[in-house]
Amino acid sequence: MILNTELEYKGNLFPSKIISYEKNLNVLSFTTANGVILEVTVRRDSILRFRFTTTGIFDNDFSYAITKYASRGYNHLEVTEDDANYIITTSKLICKISKLDLRTSMYDAKDNSLICEDELGFHWEESYELGGDIVKMSKTAQPGESYYGLGDKPVDNNLKGKRFENWVTDSYAYGRDTDPIYKTIPFYTALHNKKSYGIFFDNTFRSFFDFCNERRNITSFWAQGGEMNYYFIYGPEMSDVVVNYTDLTGKPHELPALWTLGYHQCKWSYYPESNVKEITAKFRDLKIPCDAIYLDIDYMEGFRCFTWSEEYFPNPKRMVKELADDGFKTIVIIDPGIKIDMDYSVFREGLEKDYFCKRADGPYMKGKVWPGECYFPDFTNPEVRDWWSNLFKELVEDIGVKGVWNDMNEPAVMDVPGKTFPDDVRHDYDGNHCSHKKAHNVYGMQMARATYHGLKKFSYPKRPFVITRAAYSGTQRYTSSWTGDNIATWDHLTIANLQAQRMCMSGFSFIGSDIGGFAEQPNGELYARWIQLGIFHPFCRTHSSGDHGDQEPWAFGTTITDVVRKFIELRYQLLPYLYTAFWRYAEEGVPILKSLVLYDQHDPQTHYRNDEFVFGEKILACPITGPNQKGRRMYFPLGKWYNFWTDEVVEGGTEQWVDADLDSMPIFVKEGAIIPKYPIQQYVGEKTIDELSLDVYYTEGKETSQVYEDATDGYDYIKGRYSLRDFKLSGKKNELIIQQHKSGKFTTTYKTFKVSLHGLPFKISKVEVDNVIIPFEDLKLDSSNTLTLTKEFTELHIIG
Ligand code: MIG
């Protein structure tokens with residue numbers, strides 16, 4: 001079982017029988033005759049934490065993943081016992097712990113059905129080479145069980161039959177099935193008998209997950225050190241499992257500024273200044289909306305972080321201001337490696353303050369990255385993080401940079417085996433001193449966290465924006481992310497789709513891919529199809545390595561430029577819709593993209609779907625993922641869906657062909673939805689929004705929709721200065737009623753709604769607003785059922 005191929009195999013050890021049990025409020029401890037302790041913490045009725053030690057004593061309880069804001073508390077907790085088991089009962093779960101060997105099994109408290117049970121359960125192998133244990137867990141796979149999640153794995157949604165490794169790795173030109181890559185999110189959801197649960201294995205060492213790969217009916221996970229420490233999260237709805245995991249590991253600490261949800265343009269690298277200006281000017285000339293322009297490593301002086309090349313960027317402050325005047329936010333890259341150079345103040349300071357990572361016996365951790373030989377700040381030291389955050393003062397406060405992009409933070413090191421630090425490097429780990437084996441997977445996260453605090457401090461009163469490549473569970477609290485160095489191939493378009501969906505169901509929604517592909521060059525068709533997918537990703541940026549040609553929206557001829565513009569414009573129209581979805585994510589942990597299984601786990605057809613996904617709550621999208629296609633077959637979840645382009649209605653629960661020439665893609669809107677839209681802008685804030693469009697999709701029945709808005713930036717929304725509209729739609733054969741409930745203290749700039757009624761099955765004979773009949777002229781009612789009315793209504797009544 002769980003064969004350890006790298007080390008001398010010493011054999012598995014197992015807990016023996018329980019000899020004592022203690023209960024301390026919600027913490028239950030079970031001690032075995034051979035000195036193993038299992039500590040079960042009841043965090044919520046549906047969340048139990050399991051922690052094991054084999055030495056009779058637990059390490060300091062510390063986690064970078066779990067947020068201090070996580071909800072706690074339960075309605076019911078009772079511990080009983082029978083001959084064979086201790087039995088923990090909450091209002092959601094029953095957990096049995098075998099007195100013989102500590103094996104556990106979980107049941108639904110409502111119907112007593114089995115959800116998950118240990119096979120061998122917890123066991124371990126002593127590690128002579130590393131010290132400590134290789135900690136292992138195996139569970140019996142239930143009949144028909146499927147598995148999802150695990151962060152950025154570039155594989156199909158359903159993980160069943162596969163084995164994975166978690167070790168944050170710089171993976172230039174990774175491909176389908178490359179494992180591991182940039183992120184470690186040791187959380188999966190499982191589904192069987194229409195019920196879902198999740199497991200979060202909060203262990204930062206190199207870890208492994210096996211979903212019925214080694215043995216057909218066994219799911220296991222293990223790590224090369226640390227504790228067997230995992231959270232069991234029960235649904236039974238998968239969406240609740242994901243929401244609860246996100247609650248545990250954290251939601252974004254603030255909403256992103258609305259402009260960060262616009263379109264971003266990047267390349268390695270735009271320089272000198274004149275080149276940057278050429279690019280931004282072209283966006284405005286060609287009227288392709290864009291909010292952010294990126295500077296990759298060449299803006300620096302010899303790749304020294306926090307410096308500027310005098311030759312290429314003689315006056316960054318002026319340039320950044322000029323770009324800002326034209327609506328462009330400047331975002332710059334910052335890597336972890338600090339060039340060894342006594343004339344470089346950041347290096348000198350780091351050295352003087354003893355902030356760089358060291359090898360086990362004292363020498364500095366020296367490694368080659370872009371600047372040449374470097375030392376690396378120990379971001380797991382809170383004092384170092386504080387220092388690092390303050391280094392952003394000039395960049396942000398003085399020069400006016402609006403976002404920072406953290407790259408190479410796996411950490412990546414060139415020309416060495418393993419492409420990262422050696423295992424013996426020491427880390428502070430917030431006072432829990434340890435080696436790189438333990439700190440590796442969180443190094444990039446802690447760098448992004450320090451960067452985030454810098455941006456937050458110096459951008460104030462605006463909101464911070466950070467993007468990171470490496471991540472561990474919980475990183476979503478601080479930053480957005482991209483999927484790393486992909487390739488300009490059709491398969492990578494599919495991979496980008498899978499990775500974005502997977503990240504969203506792993507609690508990390510602010511994610512996107514390098515649109516068009518980083519390595520190699522897409523043709524125009526691939527680029528256009530990728531943009532079509534990309535506008536539905538929370539983070540939407542074109543990026544390329546630049547050495548294979550241009551990758552701007554206009555680089556592939558006018559036909560492609562027109563398609564790209566059309567879709568980026570659609571993104572800008574949908575900004576209030578996306579912002580509302582983001583608000584739900586930041587507020588409640590609801591993922592912005594929903595794979596079909598997450599959207600409707602009760603429909604078994606969804607369990608193996610990959611391409612289709614729901615964007616926000618109401619829009620179903622499916623990219624075209626191959627060349628020369630004029631459409632595709634796709635699966636429609638249950639319910640009725642309006643074709644976004646034609647308003648034709650499709651009955652869900654079936655797979656159907658959808659036309660989609662190059663200037664189109666399959667997009668559908670759920671019946672009953674109300675979709676808010678802004679006018680097309682070249683950048684967020686270009687226009688004062690003087691009307692909000694509401695696209696209403698008739699249904700015979702009821703549906704609710706929301707629109708969240710605020711000042712688009714700043715922190716006033718936290719003090720209640722936001723505008724939340726709750727719409728209740730109810731359609732009958734001959735009438736349509738929309739009720740609006742408004743909350744929050746923010747007053748939107750527009751005074752009117754432009755309501756477009758789609759699929760109305762009757763001819764309008766009368767319109768009442770709050771019980772008053774309104775003449776058609778006042779409503780500007782036209783033949784396409786579009787009407788204008790005050791945003792202040794409580795009830796709109798459309799009568800046939
Ligand atoms: O070794 O900064 O993934 O987005 O353009 C390559 C140069 C370093 C890797 C990043 C990529 C970035 C590139 N970086």
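In listed order, ligands and their atoms are each counted from 1.
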**Item:** Per-atom contacts, ligand 1 versus Ile297 - under 4.0 Å to a heavy atom
**Value:** 2 (O)

**Request:** Check whether any heavy atom of Trp405 sits under 4.0 Å from an atom of ligand 1.
**Result:** yes

**Fill in**
ligand 1 atoms nearer than 4.0 angstrom to some heavy atom of Met408 are 1 (O), 8 (C)

**Item:** Lys462 NZ: over 12 foreign heavy atoms closer than 6.0 Å
**Value:** no

**Asked** Is the shortest N/O to N/O distance between Asp407 and ligand 1 below 3.5 Å?
**Response** yes

**Prompt:** Quick one: do the Ser506 and Lys183 side chains pair a donor with an acceptor below 3.5 Å?
**Reply:** no

**Asked** Which atoms of ligand 1 sit under 4.0 Å from any heavy atom of Asp296?
**Response** 2 (O), 5 (O), 7 (C), 12 (C)

**Item:** Axial cation check for Phe465 ring with Lys329, 6.0 Å and 45° limits
**Value:** no

**Asked** Relative to the heavy atoms of His543, which atoms of ligand 1 are at a distance of less than 4.0 Å?
**Response** 4 (O), 5 (O), 11 (C), 12 (C)

**Message:** Pairing donors with acceptors under 3.5 angstrom, does anything connect the side chains of Arg502 and Gln499?
**Reply:** no

**Atoms of ligand 1 close to Asp485 [distance to a heavy atom under 4.0 angstrom, numbered from 1]** = 3 (O), 4 (O), 9 (C), 10 (C), 11 (C)

**Prompt:** Which atoms of ligand 1 are found less than 4.0 Å from any heavy atom of Arg469?
**Reply:** 3 (O), 9 (C), 10 (C)

**Request:** Using only heavy-atom distances, determine whether the side chains of Thr249 and Gln476 contain a donor-acceptor pair under 3.5 Å.
**Result:** yes

**Prompt:** If you measure from each non-hydrogen atom of Ile333 to ligand 1, which part falls under 4.0 Å: side chain, backbone, both or neither?
**Reply:** side chain

**Prompt:** Can you tell me how far CZ of Phe536 sits from CZ of Phe613, rounded to the nearest 0.5 angstrom?
**Reply:** 6.5 Å

**Item:** NZ or CZ of Arg541 within 45° of Tyr294 ring axis and under 6.0 Å
**Value:** yes

**Prompt:** Is there a heavy atom of Tyr172 sitting under 4.0 angstrom from any atom of ligand 1?
**Reply:** no

